[in-house]
Each structure stands twice: as C-alpha cells, then as structure tokens.
Amino acid sequence: MKAFIIQNLKTLHRKFDYRNFSLAANLDFDESTLAQEQDRVWDQNNLPIPTLQHLIQKCARERTIREGKSCHAQIIQLGFQADDLTSNMLINMYAKCGNLGHARKLFDEMPQRSLVSWNTLIGAYTQNGNAEVGLLLFKEMHRDGSCSFSEFTVSGVLCACALVLALIECKQLHAFALKLSFESNVYVSTALLDVYAKCNLIEDANWIFESMPQRSDVTWTSMLVGFVTNELYEEALLLLRRAQRAGVEYNQFTVSSALSACAALTALIEGNQVHAVVCKSSFGSNIYVASTLVDLYAKCGMIKDAYAVFSTVDEKNIVLWNAMVSGFARHGRSLEAMILFEKMQLSGLCPNQVTYVSVLSSCCHMGLVERGKKYFDMITKEHNLSHNVFHYSCMVDILGRSGLIDEAKDLIDKMSFEATPSMWGSLLASCKVYGNVELAEEAAKCLFEVEPNNAGNHVLLSNVYASRGRWEDVARARTLLKESEAKKVRGISWIEIKDKVHTFMVGERNHPRISEIYGRLDDFLEEMRNQGYRGENEHDLHDVEESRKQELLKHHSEKLAFTLGLMCLPSGVPIRIMKNLRICGDCHSFMKKASSITGRLIIVRDNNRFHHFRDGFCSCGEFW
DNA sequence: GTAGGGTTAG
C-alpha cells in the first residue's frame, strides 16, 4: 500500500503538479500521513480523464468503492460524456466492488453496447453470485445480435454454467468454441473442463485437459478439483505429483484442493509435504488453506495439530470454525466441540447447518441425549435455520443409541424427508443393543428395500436374532442372505509407514511380509494373554465353530495393520490405523490392552469416528 | 477495458 501511494503521488506530481506539498523533498512519510495525503488525492476535483480511468481500474482490482465512486463523480463533474471504454471500466469497477445496481444502471444508460460491455455485465452478475442472470444476459446478447462473441464471452458464460451446472449450455458453447477455434484459448478450455468436471463428466474434463497444448496453473487446479469433486482422490494426488514434475508453482488454490484430496485419503505424509510448501510460502494464512489443513489433521487423527493451525488464524470464518468443531466431534472430544461452538458465537458468527451437524454428532459420540435435543431445537428456534437430513440422521442415532428407540422411530415417521439407509442402519444397530426384535424387523425391511445389495444389513438383522438366542431366525436370515445378490463389504485396514500405504484385508495373504506379521502377532497375543487379555467372541456372531471364531477375530485387518506398525515404527511414534468398517469389540479390547503393554498411543479411525488408545483406555469411553 | 481454479457435514 505504502509503495503504491508513493508511486501514485509521484506520478501525479510529475505529470500534473496538482500537489501543494513537496514530494521530492521528503518521501519518508509515516503511514498515517501517507493515508491522509492519499485522501487528499482522491478529493481532488481536477484530475484528467486518463488518470481517472487508470484509478478506476485500480479500484476495480482492489475493490475500493469509495475511491471508485469519487472518480465516477469527477467524470460527471467534468461534464465528460463517458465513452464505451470509460463506461465499461466503471461497470467493471462497480461489479468488482459488489455494487450490481450501479453496474446495471450504467449498462442500461449506454447509448450503444459493445462486445466488452456485454462481457463485463455477464461477468458482473456471475461473479456476484447471480449466474442465472448471467446466462439470461447471454441469451439476450444473442437475440440482440449487434455484436459477435469473443473468447471472453465464452469463458465468462462458461463460468456461469459452472455455478449452476448448466451442462446443456456448456455443450452448446463447446460446439461453438470448436467451430471458431476458441478451444485453443487456455481460458476457454479451462472453463470447459471445469464445467464438465463439476457436472460429473470427469472423463470429458480429463480429455480436454490432456488435449491442451498449454496449461496454466488455473488449468491444473481445475483438474485437481475436478478429481476431488468426483471423489477420485488417488487420481488427484497423481496429478499433483505430475504438476510438481511439470514445474507448476503451488498457490493457495492448488494447495487447498491438494490438501482436500490428502484429507479424503487420510494421506498424512503427502499432506505434510504440502504443508511444508505452505510454511515456506506467503499463503499460509489464507483461510481456505487453513481450513483444509485443519480438516486434514483432524481426519488423520492429529487433532492437536489441527488445533494448532486453527489457532494461528486471526480472522476465522464459519468454514474454519466448522472444520475444527467437526474435528473435535470426530475425535469424541464433545466438550471441546461444544466450547468451540459457544466461542464461535462469541466471536460474532452465527452457526449454520454444517455447524449443527458437527455439534449434534459430538452428542452422538458421547450419548448426550438432552444436549442433543437442545441443539436440535436451537436449529429452528434460535437460529432460524431449517432441519436437514443430516440433523435428523444424528438425532435418530442419538436417541437410538441411548435406548430411546421408539422416539427415534417416531422422529423418522414425522420428518418430511425420505429416511436414509444410515437412519435405518442406525436404528437396526440400536435394536440389536437393546434387544428390540420387532422394530429391528421393521427397520431391516425398509433397509433391504433401499439397499438390496448390502449384505451388512442382513448380517445386522441376523445379529439381532443371535443376541436374543433366536437361532432359527438367524438361520433364516442367513439363508435369505445367501439367496440374495447382496455382497458383504470386506473389512479393510491401512497404515501409512514412511511414504507407503499398507493395506490389509481380514486373513490377508498378499502382503510381502505377511508371514512375519502373523508370527509377530501370535507372539504378541501370547504376551497379551499372559497379561490377562481374553478375546471377546460375542462381538462376532458368525454361525461358525468356536475355534474358527477365534481364528477369524485374530486376523481382523486392524490387528494385522497394528502388528506391522509395531514392527516398523520407532517406539514413541503413535500407531495410526484407518479402517473402512466400524471397529469390532474384540479389536477394541485388543487395542486397549496393546496400548498399555507397548506404552504407545494407538489411533484407530473407523468409518464412524476416531479411537485414541492410551494406557489401556480409549478416548471413546466405550461409547461408539 | 471484459474471461478460467480453492475450504467445513452421519
């Protein structure tokens, strides 16, 4: 700013000598003097048109509407009939400063609109969150017919298409771009690939990307985000490495999208490398980067690191707060989640629907029924928001887990949404815990209808019968499962060691060190048994012999991943394991005992939450 | 003078 003011004063002094004070004598003003002088410059009434045009453009870049308006006023005062160039600059300035009304008025008052005027106004609406109007304007421009389209028109309208997922219009523009050879323009191609990716046509997006002879950093980011949006996280990380090899310099856009891919994959090592780049850069305090870093660390089990990043940001926005609240919730740190929820409001921000999903889920993880009900009411009564399907899902879970199964069922019946599989699944799991066979059968029936191919649902019902000793029904449920097309999702666990992810299935045979792992696990189990560990067979209600049950439990994927961690990671380093399914009771007991025997912190992330095992205890307090 | 990219939710 200081440099700009000095430069500006120098220019004005040199060209027009409007200043009453001597610039040449001493430019070493303090900041406040400079600011005062800057105000005096803006208040000048005799600036020539080229200077005013220059300043208008600067105001558009820096979003300084006060100064922009001052320039506009001077133009009017001078009696200057704004030409196409000046009008477009003013329209753009008002649009960039968020004043669409002024931009539109100027456009409407123009005696003749040029191509640039149309492009500018379309961009104005699109950039101010009104893409529909941007598209309508494009149609109006087409009808008007007084000017043709340029690359600017196409990329600008594609931007509007990306915001409202207007695939048909995008395809028409694509055809038009090909006809006029606009596709060689990097802005046009990048905007095209962005729309295709956002409309889930990732292959088309990738085809455009691969066909581009030249790519900008925006192109790379758009493709990266495209993969992330389409949940192709591995592809996103491969692209990131490719970008690195191609010499693309990271910026806050590349970094935030790369970090979100790392977070989704819980790829901590890769995420750390990106974080290292951030630390050396100037965009570490960028709110998007900070939010993805908080999310990354929280999802990778590093809740302290997440909080460390969160604390460094001075001006926190709602997304950053939400990322941190959700991180605490995921780790079962309900108290911290709730304190942060209050602090966020003290800082002057109102919670949104996402915030409430996080605080409600923190209630799920600790079985806090009354608190959950209070938050659920606050959504509509205190913050005038509407309940969404996630809120109901959390509430059904909170009620069911606490044994209020009928109340949970009532909530499902009364809500205006279609019940989701997760709601029926949660209700069914609660029915197993509280032995409610009747409601379990009803929930299972609904679940089979909406998820006919999920074998886990059949197993859940079978387990409800087994928990009540109804073995004939267990057999019937199993037969039904065999006759159906349903597939059981296999339990998979993975662990990151150095820069490699090791994946294990139950009874894994393919890992290169598998024999060594089984040997080490057997020795360790022996040691554990000597210290009082007994397996918990009731958590695996397979209809199999006792000895086979023991065998299946022993080789659960998380135990294999843990053993490799024990073999490879130096003592003192936490063993962090990820699992695609919920951790079973036996593995939970195993990890508790293992944490006390080895004196190590063991962190297991299952499909629902984090468990931190330390000194024989788990952070979930046995509620999960 | 006008155009393309990023964060949080069971």
Side-chain angles (χ1 to χ4, degrees), chain A residues 53-54 56-57 60 83-93 95-96 114-124 126-127 150-160 162 182 185-195 197-198 216-226 228-229 251-260 263 283 286-296 298-299 317-327 329-330 352-361 364-365 388-398 420-423 425-426 607-609:
Chain A
Q53 287 173 337
H54 172 79
I56 289 165
Q57 279 181 273
D83 56 1
D84 183 58
L85 179 78
T86 317
S87 297
N88 291 336
M89 283 177 175
L90 282 167
I91 292 170
N92 188 42
M93 183 274 293
K96 290 285 187 295
S114 68
L115 170 64
V116 179
S117 324
W118 282 102
N119 292 346
T120 308
L121 197 71
I122 290 169
T126 307
Q127 289 153 24
S150 68
E151 290 98 325
F152 284 82
T153 326
V154 176
S155 58
V157 179
L158 281 170
C159 180
F182 283 173
N185 177 296
V186 74
Y187 285 82
V188 171
S189 299
T190 304
L192 269 173
L193 89 80
D194 183 53
V195 184
K198 286 197 168 92
S216 69
D217 55 343
V218 182
T219 318
W220 286 92
T221 312
S222 301
M223 198 61 242
L224 203 54
V225 174
V228 174
T229 312
N251 57 33
Q252 58 254 53
F253 294 92
T254 14
V255 159
S256 52
S257 48
L259 286 170
S260 68
F283 43 82
N286 177 276
I287 198 83
Y288 287 83
V289 174
S291 303
T292 41
L293 275 171
V294 167
D295 188 47
L296 168 80
K299 283 187 176 146
N317 70 1
I318 186 81
V319 177
L320 183 70
W321 283 99
N322 286 352
M324 197 63 241
V325 175
S326 121
R330 196 176 281 119
N352 64 11
Q353 289 186 317
V354 180
T355 329
Y356 272 111
V357 174
S358 298
V359 284
L360 280 172
S361 79
C364 292
H365 293 143
N388 69 18
V389 73
F390 294 111
H391 302 136
Y392 276 103
S393 189
C394 287
M395 214 49 221
V396 166
D397 207 36
I398 292 170
T420 62
S422 83
M423 288 182 198
S426 149
N607 62 350
N608 187 38
R609 57 167 298 159

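The sequence lines fix the lettering, A, B, ..., with proteins before strands; numbering per chain opens at 1.
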Indicate whether OP1 or OP2 belonging to [N] is found under 4.0 Å from a side-chain N or O atom of [X].
{"X": "Lys96(A)", "N": "dA3(B)", "value": "yes"}
{"X": "Arg330(A)", "N": "dT8(B)", "value": "no"}
{"X": "Lys198(A)", "N": "dG4(B)", "value": "no"}
{"X": "Gln127(A)", "N": "dG4(B)", "value": "yes"}

Rounded to the nearest Å, what distance is computed from the [atom1] atom of residue [X] to the [atom2] atom of nucleotide [N]?
{"X": "Leu259(A)", "N": "dT7(B)", "atom1": "CG", "atom2": "P", "value": "11 Å"}
{"X": "Met223(A)", "N": "dG5(B)", "atom1": "CE", "atom2": "P", "value": "15 Å"}
{"X": "Gln353(A)", "N": "dT8(B)", "atom1": "CD", "atom2": "C1'", "value": "13 Å"}
{"X": "Leu115(A)", "N": "dA3(B)", "atom1": "CG", "atom2": "C1'", "value": "11 Å"}
{"X": "Trp321(A)", "N": "dT8(B)", "atom1": "CH2", "atom2": "P", "value": "18 Å"}
{"X": "Asn607(A)", "N": "dA9(B)", "atom1": "CG", "atom2": "C1'", "value": "16 Å"}
{"X": "Trp118(A)", "N": "dT2(B)", "atom1": "CH2", "atom2": "P", "value": "19 Å"}
{"X": "Asp194(A)", "N": "dA3(B)", "atom1": "CG", "atom2": "C1'", "value": "13 Å"}

Classify the nucleic acid contact of [X] as base, sugar-phosphate or nothing, counting any heavy atom under 4.0 Å across all strands shown.
{"X": "Ile287(A)", "answer": "base"}
{"X": "Gln57(A)", "answer": "sugar-phosphate"}
{"X": "Val228(A)", "answer": "nothing"}
{"X": "Thr126(A)", "answer": "nothing"}
{"X": "Asn286(A)", "answer": "base"}
{"X": "Thr153(A)", "answer": "nothing"}
{"X": "Thr120(A)", "answer": "sugar-phosphate"}
{"X": "Asn251(A)", "answer": "base"}

Could you state the interatomic distance from [atom1] ([X]) to [atom2] ([Y]), rounded to the nearest 0.5 Å?
{"X": "Leu224(A)", "Y": "Thr254(A)", "atom1": "CG", "atom2": "OG1", "answer": "7.5 Å"}
{"X": "Glu151(A)", "Y": "Leu158(A)", "atom1": "CD", "atom2": "CG", "answer": "12.0 Å"}
{"X": "Phe253(A)", "Y": "Asn251(A)", "atom1": "CZ", "atom2": "CG", "answer": "6.5 Å"}

Does the side-chain ring of Phe390(A) lie flat on the base of dA9(B), meaning centres under 5.5 Å and planes less than 30 degrees apart?
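According to the criterion (under 5.5 Å, under 30°), no, Phe390(A) does not stack.
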Can you check whether any acceptor in the base of [N] is under 3.5 Å from a donor in the side chain of [X], or vice versa?
{"X": "Ser291(A)", "N": "dG6(B)", "value": "no"}
{"X": "Ser256(A)", "N": "dG6(B)", "value": "yes"}
{"X": "Thr221(A)", "N": "dG5(B)", "value": "yes"}
{"X": "Thr190(A)", "N": "dG4(B)", "value": "yes"}

Indicate whether the side chain of Ser260(A) and that of Ser257(A) have a donor and an acceptor atom separated by less than 3.5 Å.
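Side-chain D/A pair, Ser260(A) to Ser257(A): absent.
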Please pick, from [options], the nucleotide with the shortest atom-to-atom distance to any side-chain atom of [X].
{"X": "Asn92(A)", "options": "dG6(B), dT2(B), dG5(B)", "value": "dT2(B)"}
{"X": "Thr292(A)", "options": "dG4(B), dA9(B), dT7(B)", "value": "dT7(B)"}
{"X": "Asn119(A)", "options": "dT2(B), dG6(B), dG5(B)", "value": "dT2(B)"}
{"X": "Asn185(A)", "options": "dG5(B), dG4(B), dA3(B)", "value": "dA3(B)"}
{"X": "Val319(A)", "options": "dT7(B), dT2(B), dG4(B)", "value": "dT7(B)"}
{"X": "Val354(A)", "options": "dG4(B), dG6(B), dA9(B)", "value": "dA9(B)"}

For Ile318(A), side chain to side chain contact (heavy atoms under 4.5 Å, CB included) partners two or more places apart:
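For Ile318(A), the residues satisfying side chain to side chain contact (heavy atoms under 4.5 Å, CB included) (neighbours in sequence not counted) are Asn322(A), Met344(A), Asn352(A), Thr355(A).
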List for me each residue that meets side chain to side chain contact (heavy atoms under 4.5 Å, CB included) alongside Ser393(A), sequence neighbours excluded, and say none if there are none.
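Only Ser422(A), Met423(A) meet the side chain to side chain contact (heavy atoms under 4.5 Å, CB included) criterion with Ser393(A).
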Verify, without hydrogens or angle tests, whether Ser114(A) (side chain) and Ser117(A) (backbone) share a donor-acceptor contact under 3.5 angstrom.
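Looks like yes, one N/O pair under 3.5 Å.
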